[in-house]
Amino acid sequence: MRIVVKIGTSTLAHPTGHLHIRRVESLCKILSDIKNAGHQVILVSSGAIGMGVGKLGLPGRPKDIPSKQAAAAIGQCELMYTYDKLFGEYHHTVAQLLITREDTEEKRRRENFINTLRRLLELQALPIINENDTVATEELGIGDNDTLAAVVAKHIQADLLILLSDIDGLFTADPHTHPEAVLLDRVTKIDDEIRNLAGVSASGQGTGGMVTKLHAAEICLSCGCDMVIANGRNPENLYAILEGKGVGTTFTCKEEPQ
Ligand code: GLU
């Protein structure tokens, strides 16, 4: 299978902004194992701004664009250093791709990007993608990595997109305020009823929320790629997802297996 895995800032970092070492080590180990099993893995990783904030010792995520961009420039190095080191332990070679909205929207630039991505997969490398935050301002950029990951999954014809976040999936209500909320395990179309469940659920550290995740699901469903939202707190979930064990919320247009 060709799998795109998106990791959000809240999965990668503690609330302090510093790396969640145990979790990231475990994620890299499991993704290496999944690659060893013969799957193609593409990582879309957030965390540049978050890691930059941690490294600079800033009190919180900056609000102004130049400070965010500066934090991203610093944090992106830290992020890739970490991935290079951890995947290197399992003999996997990482590759960094920083892209902007134009790279996904303009045909020639998109073709160049996808050609590079395909070649990296042929070379058995592990592509790690983030938005090029140092040049993509919020107004002009893709803005969130849920959408970016879905766009990548669509153009690279992935079989599955996994969004690892700090929530277990899509609930019938906000589980923080409604303890009776039920996790939806399978969604086959994004209609107004589903959209109404999204609310605004951005965590303190990242950019996305359920709204961007449902937008990603729409992109995936439109091109026949399955998508799963699962909690990144337990990286072992990745194995269960690949074994079809019903972790998180699955978005699919395929018939339910009997
Ligand atoms: N590109 C941003 C970063 O690396 C993350 C965007 C997002 O959280 O969706 O910090």
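None of these values were measured; they are calculated from a predicted model. As the structure lists them, so they are numbered: ligands from 1, and atoms in each ligand from 1.
In this structure, the side chains of Arg233 and Asp166 stay at 4.5 Å or more apart for every pair of heavy atoms. Using a 4.5 Å heavy-atom cutoff, the side chains of Leu164 and Lys6 are not in contact.
Each of the following atoms of ligand 1 lies closer than 4.0 Å to a heavy atom of Gly47: 3 (C), 4 (O), 10 (O). Applying the 4.0 Å criterion to heavy atoms of Asp144 picks out, from ligand 1, the atoms 9 (O).
For Gln76 and Gln96, the side-chain atoms include at least one donor-acceptor pair closer than 3.5 Å.
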Quiz: residues 42-57 side-chain donor-acceptor pairs under 3.5 angstrom, not counting sequence neighbours:
{"from": "Ser45", "atom 1": "OG", "to": "Tyr83", "atom 2": "OH", "distance (Å)": "2.8"}
{"from": "Ser46", "atom 1": "OG", "to": "Asn145", "atom 2": "ND2", "distance (Å)": "2.8"}
{"from": "Lys55", "atom 1": "NZ", "to": "Glu78", "atom 2": "OE1", "distance (Å)": "3.1"}

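Both the backbone and the side chain of Asn145 come within 4.0 Å of ligand 1, counting heavy atoms alone.
Scanning for salt bridge (Lys or Arg N to Asp or Glu O under 4.0 Å) contacts around Arg109 gives Asp103, with sequence neighbours left out.
Looking at ligand 1, you'll find an N or O of Ile49 within less than 3.5 Å of one of its N or O atoms. Note: an N/O pair closer than 3.5 Å links Asp133 and ligand 1 by distance alone. Of the N or O atoms in Ser45, none lie within a sub-3.5 Å distance of an N or O in ligand 1.
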